[in-house]
Amino acid sequence: MSKKYQLDGTVIKNEWVTSTYFKMTLSFETLPEIKAGQFAELRIDETPTVFLRRPISIHDVRPENKEMDLLIQKVGDGTAWLSTRKEDDKVNVIFPLGNGFDTDVAENKPVLLVGGGVGIAPLLHLGRVLSSEGRKVHFLLGFRKEADILPLNAYKEVGEVFITTEDGSVGDKGFVTNHSLWKNADYARIFSCGPTPMMKALSTVAREKNIDCEVSLENKMACGVGACLCCVTQTHEGHKCVCTDGPVFNINELPW
Amino acid sequence: MVDLSVKIGDLSLRNPVMTASGTFGYGTEFEDFVNFSRMGGIIVKGTTIRHREGNAYPRLAEVPSGMLNAVGLQNKGVDYFCENIYPTVKNYDTNVIVNVSGASIEDYVATAEKINDLEGIPAIELNISCPNVKQGGMAFGTSCSAAAEVVKAVRKAYNKTLIVKLSPNVTDIAEIARAVEAEGADSVSLINTIMGMAINAETRKPVLSTVTGGLSGPCVKPVALRMVWQVSKAVNIPIVGLGGIMNATDAIEFFLAGATAIEIGTANFIDPSVTMKVVDGIEDYLKRHNYESIKQIIGKLEL
Ligand SMILES: Cc1cc2nc3c(=O)[nH]c(=O)nc-3n(C[C@H](O)[C@H](O)[C@H](O)COP(=O)(O)OP(=O)(O)OC[C@H]3O[C@@H](n4cnc5c(N)ncnc54)[C@H](O)[C@@H]3O)c2cc1C
Ligand SMILES: Cc1cc2nc3c(=O)[nH]c(=O)nc-3n(C[C@H](O)[C@H](O)[C@H](O)COP(=O)(O)O)c2cc1C
Ligand code: FES
């Protein structure tokens with residue numbers, strides 16, 4: 001398990017990228033090494049309705065600048081407060097938390113990174129890690145409609161990007177599991193983060209095609225460090241903590 | 001130098017700051033954030049005679065200034081603790097206390113007996129107040145006769161410091177405190193969580209899988225303070241106060257109300273190094289008011 005830090009990050013940039021998503025860049029005096037798929041717990045201040053920290057995936061890291069990016073969807077009061085942080089404001093962060101994705105892939109085939117909505121956040125850092133190890137990366141990203149599509153330039157630098165929208169306005173119509181790439185899908189491993197129904201459907205497809213598959217879960221958390229046992233998910237070995245045994249699980253561990 | 005040391009039964013604490021059961025894991029989880037040698041003690045997770053899977057997810061509901069939990073005493077059982085966790089925690093440079101839970105008197109006694117054999121565990125906290133398990137737990141803590149009966153049985157089987165953790169979900173907590181004192185408890189700790197509930201209006205469903213759960217965090221502090229105050233007037237044994245302590249000022253309030261030591265629970269989730277800050281803050285307070293010892297403020301509420 002990696003050493004955990006509690007640090008004040010300085011907001012370098014905080015900008016809306018769509019009407020409901022914003023990207024926050026934090027810089028630190030020292031940036032610990034962060035594995036793809038790990039997350040941070042952010043303290044929310046000045047918000048009477050919010051008591052607990054908020055878990056947010058690490059979207060991108062630039063160790064040379066001691067910076068990391070978070071891609072956040074505004075859904076409630078906690079994320080709303082984060083969206084109003086200005087340059088030079090401080091945000092208290094506990095990180096890096098969780099196990100991260102297993103990027104040690106034996107077979108020399110491409111890998112498929114499947115994301116839905118805000119679940120695409122951890123896949124950028126993951127794609128960078130995998131491609132730096134010489135692996136060919138395909139992203140398969142699902143959105144509701146054209147207006148929901150997040151800026152994808154960074155993803156396109158890292159690998160080939162395939163898109164589905166539920167209304168068919170961009171890319172293939174339907175859910176990620178309906179995309180035409182599945183016809184001759186041959187991947188060393190699938191990595192995924194997104195809504196649970198999407199990941200469950202994906203795990204069925206992965207099993208059919210006999211492709212190894214890891215999914216990142218987003219259970220509600222309190223401590224984020226494995227102490228409170230609030231964030232558990234059911235596995236074949238009983239309840240496991242999403243914050244420490246996860247957030248990434250191989251689908252073979254889950255009763256899906 | 002101010003003297004922060006206190007005694008709970010035969011147990012000496014270097015300072016009165018401990019962590020509350022179920023909120024600090026086995027300590028290991030917080031190793032990167034605190035220095036154990038600056039803590040009075042760590043009270044580990046609720047431990048039962050057998051492995052418990054706990055309740056189904058969702059187990060957590062956030063509320064203003066607090067949270068509800070319905071963990072349901074998930075733990076791997078006392079034998080697992082003795083074999084796999086004790087070898088690590090016994091080396092910590094602080095008091096490691098085991099929180100013992102059960103569904104029957106036999107279970108409590110059997111668990112306490114096993115912990116009694118562990119040289120490195122100087123005390124147990126008998127949890128007769130968990131609101132999150134169906135049988136037992138809180139049932140023992142809400143009636144004087146049941147509380148007395150379980151403490152009497154455990155007292156026979158356990159010869160080190162016995163702290164009994166009381167439930168706030170009662171009409172008269174002082175009465176229960178007196179009943180367990182009479183059966184040989186060395187100390188009482190209070191409060192455990194308050195039974196509460198959260199509803200999602202949109203889905204018309206309860207938020208927790210168990211419908212009801214235990215409330216903790218700063219929202220419970222006024223209730224906890226009131227109960228510590230009432231119990232301190234009813235018993236002669238030392239009181240361990242907890243419930244909503246977020247900082248040193250909160251802790252001082254508990255000492256003034258009559259607590260000899262305190263526990264910090266939910267606050268660890270917001271600030272994993274909060275215990276260190278509370279220890280420093282208590283010391284600062286004592287210096288600022290020219291006290292030489294923490295003992296000079298225990299129960300010194302001015303009416
Ligand atoms: C490991 C992990 C990584 C995450 N990574 C990201 C990320 O990179 N970017 C991002 O925007 N969000 C991420 N989330 C989700 C994020 O934590 C929640 O959206 C956030 O806590 C909501 O806080 P709030 O106060 O704004 O909303 P709240 O008022 O707490 O909730 C608003 C609404 O969102 C729902 N909600 C809250 N938390 C969750 C959750 N964990 N899963 C599903 N629904 C939820 C609530 O039920 C409610 O309907 C992650 C969660 C986890 C556990
Ligand atoms: C997630 C969680 C788990 C808990 N588990 C236990 C437990 O196993 N045994 C116990 O006696 N108390 C347990 N408690 C109660 C706390 O130890 C404490 O009594 C209560 O939370 C009030 O203190 P606080 O407001 O400082 O958290 C738990 C509390 C929380 C929040
Ligand atoms: S959030 Fe506390 S154990 Fe996972």
Side-chain angles (χ1 to χ4, degrees), chain A residues 1-8 32 40-55 75-79 92-98 196 217-246 254-255, chain B residues 19-34 42 44-46 51-76 132 207-209 213-219 244 246 265-274 276:
Chain A
M1 186 144 311
S2 36
K3 183 171 158 60
K4 302 180 276 279
Y5 296 81
Q6 181 181 10
L7 300 172
D8 276 332
E41 280 247 79
L42 277 58
R43 203 179 66 211
I44 311 294
D45 294 317
E46 306 152 332
T47 311
T49 49
V50 177
F51 176 63
L52 299 167
R53 286 177 179 261
R54 293 295 187 256
V75 293
D77 294 348
T79 47
N92 187 266
V93 180
I94 300 175
F95 71 132
L97 303 174
T196 305
L217 306 185
E218 295 202 343
N219 286 10
K220 295 251 179 170
M221 295 180 179
C223 71
V225 297
C228 73
L229 307 184
C230 286
C231 65
V232 293
T233 191
Q234 194 60 255
T235 72
H236 293 307
E237 289 167 24
H239 281 136
K240 285 199 171 181
C241 286
V242 171
C243 69
T244 44
D245 298 315
L254 302 172
Chain B
T19 53
S21 176
T23 65
F24 206 69
Y26 294 105
T28 333
E29 295 84 347
F30 287 83
E31 230 163 6
D32 295 335
F33 305 110
V34 298
I42 295 173
V44 304
K45 265 174 207 167
H51 168 99
R52 284 183 57 96
E53 266 299 287
N55 295 320
Y57 180 85
R59 296 174 168 187
L60 161 69
E62 187 180 33
V63 299
S65 297
M67 60 178 274
L68 289 156
N69 90 82
V71 172
L73 296 174
Q74 178 180 329
N75 79 100
K76 293 196 163 133
N132 290 328
V207 177
L208 298 172
S209 69
L215 184 65
S216 66
C219 59
M246 298 296 285
T266 306
N268 291 300
F269 306 158
I270 315 301
D271 181 356
S273 58
V274 62
M276 302 292 101

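Please read these numbers as outputs of a predicted model, since none were measured by experiment. Below, chains carry the letters A, B, ... as their sequence lines are ordered, and counting in each starts from 1.
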Under a 4.0 Å N-O cut-off, is there an ion pair linking A/Lys4 with A/Glu41? no
Ranked by heavy-atom pairs below 4.5 Å to chain A, first place among B/Gly217, B/Ser65, B/Pro64, B/Ala61 goes to B/Ser65
Interface check, chain B: of A/Arg43, A/Met221, A/Arg54, most non-hydrogen pairs under 4.5 Å belong to A/Arg54
If one checks every heavy atom of A/Ile44 against chain B at 4.5 Å, the contacting part turns out to be neither
key: Check: A/Gln6/B/Asp32 side-chain N/O donor and acceptor closer than 3.5 Å   = no
If you tally heavy-atom pairs under 4.5 Å between each of B/Ser273, B/Pro272, B/Pro58 and chain A, the highest tally belongs to B/Pro272
Checked A/Thr49, A/Asn219, A/Val225 vs chain B; the most non-hydrogen pairs under 4.5 Å come from A/Asn219
Residues pairing under side-chain hydrogen bond (donor to acceptor under 3.5 Å, both in side chains) where one sits in residues 220-235 of chain A, two or more places apart or in two chains, turn out to be A/Gln234-A/His239
| said: Check whether B/Thr23 reaches the backbone of B/Ser21 with its side chain - one donor and one acceptor, N or O, closer than 3.5 Å. | reply: no
Could you tell me whether the side chain of B/Asn69 and the main chain of B/Leu60 form a donor-acceptor pair under 3.5 Å? no
When the 4.5 angstrom heavy-atom criterion is applied to B/Asn268 and chain A, the contacting part is neither
Among A/Ala222, A/Ala227, A/Cys228, the residue with the most heavy-atom pairs under 4.5 Å to chain B is A/Ala227
Taken in chain and number order and not counting sequence neighbours, the residues that satisfy ring pair (Phe, Tyr, Trp, His ring centres under 6.0 Å) with B/Phe30 are B/Phe24
